[in-house]
Protein chains: 2
Amino acid sequence: MEEVPGSVGTSGGFSLRLGQTLFSSASLLLMSLGVEFYSYTAFCYLVTIMGLVIPWSFTLALVDGYSVLVKCPVRQPGILLIIAAGDWVLSVLTLAAACSTASVVDLLLHSGGSYCPPKCCSRYQLSAAMAFLTWFLSLASALLNLWLLPSL
Amino acid sequence: MEEVPGSVGTSGGFSLRLGQTLFSSASLLLMSLGVEFYSYTAFCYLVTIMGLVIPWSFTLALVDGYSVLVKCPVRQPGILLIIAAGDWVLSVLTLAAACSTASVVDLLLHSGGSYCPPKCCSRYQLSAAMAFLTWFLSLASALLNLWLLPSL
């Protein structure tokens, strides 16, 4: 059986999961710390999705780290199918959240300064950028796991 | 070689392409006819993406219709790879456009009536819904073509 770099149970997969956890935590913190995010639907959605992505990525980072340490990767097709499906769903949801946040921030920036003090808006922008990075890493994980699936 | 229903060159694929063309045209028309869409970045983005999706889906609908009529489906791996990759890219872009439009419309609706007369806003909402339907059909095409690819 071939080894796909970046799939479940490899050091590449561990780095991808670690990156996802870091970027999604940064996005959540930038959005929620001291900023009144709950007045906009798109920002609430981003916070909800990041609250789903963080535990998912963190758990899989632990699994990958353990697999690398004991040199015994997960190879049950059922488990891999669940992981690949979860990755796909979360990657689509993350893209939706990132796009919504980015478009609302853009609208707030261009509708004049009354809605959004400059300091807050740059924090929202950074949060959207972090969400896009999370999406990118999550898509990479999903693609690599899907690639691994038929070889089992 | 097995036949995947809904992939390139089948009557299912033809229906999917026809649905994509219809929904994306409806979305473009609802957004652009008599409404000042160019003042919002998200709406301009939706119009751009729909302008890409319509010719793509229409061309592939013609190809599928021709294949069904002459009973000679396209089976060159190179061409199928290009179609599958194009479907994936357009489906991601359509999802991004639909989410951006939906979140901006939601923001305009809840920020008070000064920005958006009720008649315009319901048209924007319909346009976003049509974009989501386009995304759904486009994702189905992309998944079915990706499924067909390894069997060649």
Side-chain angles (χ1 to χ4, degrees), chain A residues 2 4 31 36-49 84-85 88-112 114-116 121 124-125 127-129 131-132 135-136 138-140 142-143 145-152, chain B residues 2 31 36-49 81 84-85 88-112 114-116 121 124-125 127-129 131-132 135-136 138-140 142-143 145-152:
Chain A
E2 80 229 77
V4 179
M31 181 56 78
E36 294 189 346
F37 68 87
Y38 45 81
S39 47
Y40 300 106
T41 317
F43 296 169
C44 293
Y45 180 60
L46 181 77
V47 168
T48 313
I49 297 300
W88 274 107
V89 172
L90 281 181
S91 128
V92 167
L93 290 176
T94 310
L95 176 63
C99 289
S100 308
T101 308
S103 62
V104 167
V105 170
D106 183 75
L107 186 62
L108 288 177
L109 268 178
H110 288 93
S111 67
S114 58
Y115 287 102
C116 157
C121 255
Y124 291 149
Q125 277 180 316
S127 176
F132 273 112
W135 167 66
F136 194 71
S138 173
L139 186 71
L143 279 176
N145 284 328
L146 197 73
W147 197 259
L148 178 67
L149 212 55
S151 71
L152 292 180
Chain B
E2 79 227 79
M31 180 56 78
E36 295 188 348
F37 69 86
Y38 46 80
S39 47
Y40 301 105
T41 317
F43 296 169
C44 292
Y45 180 59
L46 181 77
V47 168
T48 312
I49 297 300
L81 188 65
W88 274 108
V89 171
L90 280 182
S91 128
V92 167
L93 290 176
T94 311
L95 176 64
C99 289
S100 307
T101 309
S103 61
V104 167
V105 170
D106 183 77
L107 186 64
L108 288 178
L109 269 178
H110 288 93
S111 66
S114 58
Y115 287 103
C116 159
C121 255
Y124 291 149
Q125 276 179 317
S127 176
F132 273 112
W135 167 67
F136 194 72
S138 172
L139 187 70
L143 278 176
N145 284 329
L146 197 71
W147 197 261
L148 177 68
L149 210 54
S151 72
L152 293 179

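This is a predicted model, so every value here is computed, not measured. Lettering of chains follows the sequences in order, A, B, ..., and the numbering in each one begins at 1.
- Atoms OH and OG, from A:Y40 and B:S103 in turn, are 12.5 Å apart once rounded to the nearest 0.5 Å.
- Between the CG atom in A:L143 and the CH2 atom in B:W88 there is a gap of 7.5 Å [rounded to 0.5 Å].
- Proximity of A:T41 to B:L107: side-chain heavy atoms (C-beta onward) are nowhere separated by under 4.5 Å.
- Other residues, nucleotides and ligands place more than 12 heavy atoms under 6.0 Å from the CZ atom of B:F132.
- Between the CG atom of A:L95 and the SG atom of B:C99 there is a distance of 6.5 Å, given to the nearest 0.5 Å.
- Proximity of B:W135 to A:V92: side-chain heavy atoms (C-beta onward) are separated by under 4.5 Å at one or more points.
- When heavy atoms are compared at a cutoff of 4.5 Å, B:L146 approaches chain A solely by way of its side chain, counted from C-beta outward.
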